[in-house]
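Start at 1 and go down the list; that is how both ligands and their atoms are numbered.
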Amino acid sequence: MPPETRHYQTWSRLIQDGASLTVVFANARVAAKGRFSWVLAGGNTPRDLYRLLAQPPFVEQMPWAHSHIFWGDERCVRHDDPQSNFAMAQAAMLAHVPIPKKNVHRLVCESHPPAECARAYERSLSEFFKDETPSFDLLNLGVGSDGHTASLFPRHPALDQKDHWVIDIPRAPAAPKLPRVSLTLPIINQAKVILFLAKGQNKKRRIEEILENSGDPNHPLPAARVKALEKTIWLLHWPAVPGEDSPELQDHFME
Ligand code: 6PG
């Protein structure tokens, strides 16, 4: 099934839809299975979506008590470092919502070598999914202008990793060029629904190339290899002029 792509005139409309999608799907999964497993993306793009989900009406609509949060990748820095994907989600959303601490499955990768952290996170996923096939209900992803997603980069061996769900990247080839830990494609593509958020003219052409080759397991662009079990959705916004939907405008929207 080809991915579903939705284009938005404004960023605020995009994140409204992203929040509504998340709420609807989360509640459907809790009704069906009693829990909702959700993988957060890192980077800057999803921050406004996380903020919106921590505000009315969405904050009251989300089934936080039955939601379990994971990360698609993490930079190997302290949990409170501004470059940490956990720190971003914590500040934007998790610190402001009634989610049980035990349901926040942080990808810890600052205290030990990244390879050990990758194995430890893999064990925690096995414990969570027990004897089920590890299939996240919703998995958020972003995309870089080079076509990377999570911390899977073009021409990097981690992209072809088939034997592990979680892998270490000793030094990311794109900023921030830090040691990282990332989910791999086998477990990413086991997710039921994958939701990409992307904006910016600098990514437009690359994303068009990704969408033309979406689901190709051998394509050089990592994000093109992504294909959810049920539905892959892209929410896209190409600001007409640089700076449109600037943070101030978004902040105004958030008031
Ligand atoms: C990370 C992300 C990465 C991110 C893209 C886009 O840890 O950086 O997992 O894959 O989604 O680099 O980043 P922006 O949203 O900041 O453009």
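For atom 13 (O) of ligand 1, the closest heavy atom belonging to the protein is Gly43 CA, 4.0 Å. The protein heavy atom nearest to atom 11 (O) of ligand 1 is Gly142 CA, 3.4 Å. Protein heavy atom closest to atom 12 (O) of ligand 1, with residue, atom name and distance, is His148 NE2, 2.7 Å. Protein heavy atom closest to atom 8 (O) of ligand 1, with residue, atom name and distance, is Arg75 NH2, 2.8 Å. Closest to atom 16 (O) of ligand 1, if we only count protein heavy atoms, is Asn44 N, 2.8 Å. The nearest heavy-atom contact from the protein to atom 6 (C) of ligand 1 is Val143 O, 3.4 Å. At the top of the distance list for atom 17 (O) of ligand 1, counting protein heavy atoms only, stands Lys203 NZ, 2.7 Å.
For Ala150, the heavy-atom gap to ligand 1 drops under 4.0 angstrom. Within the structure, the closest approach of Glu74 to ligand 1 does not fall below 4.0 Å when heavy atoms are considered.
Listed by chain and number, the residues in a salt bridge (charged side-chain N to carboxylate O under 4.0 Å, His left out) with Arg6 are Glu4, Asp17 (sequence neighbours excluded).
Side-chain contact of His164 with Arg119: a donor-acceptor pair under 3.5 Å is present, judged by distance alone.
Close contacts of ligand 1 with Arg180, meaning ligand atoms under 4.0 Å from a residue heavy atom, involve 1 (C), 7 (O), 8 (O). When each atom of ligand 1 is checked for a heavy atom of Gly42 under 4.0 Å away, the hits are 2 (C), 9 (O), 11 (O).
The minimum heavy-atom distance between Val166 and Leu125, with the atom names listed, is CG2-CD1, 3.9 Å.
Applying the 4.5 Å side-chain rule to ILVMFWY residues, one finds Val77 in the same cluster as Leu178.
Distance alone, capped at 3.5 Å, is enough to place a donor-acceptor pair between the Lys203 side chain and the Val143 backbone. Formation of a donor-acceptor pair under 3.5 Å by the Gln61 side chain with backbone atoms of Val23 is not found in this model. At least one donor-acceptor pair closer than 3.5 Å links the side chain of Tyr121 to the backbone N or O of His105.
For ligand 1, the polar-atom distance check finds an N/O of Thr45 within less than 3.5 Å of one of the ligand's N/O atoms.
Proximity of Asp73 to ligand 1, defined as any heavy-atom pair under 4.0 Å, is confined to the side chain (atoms from C-beta onward).
Aromatic ring orientation, Phe70 versus Phe128: perpendicular (interplanar angle above 60°, classes split at 30° and 60°).
Tyr8 does not carry Arg13 over the face of its six-membered ring by the limits of under 6.0 Å from the centre and within 45° of the normal.
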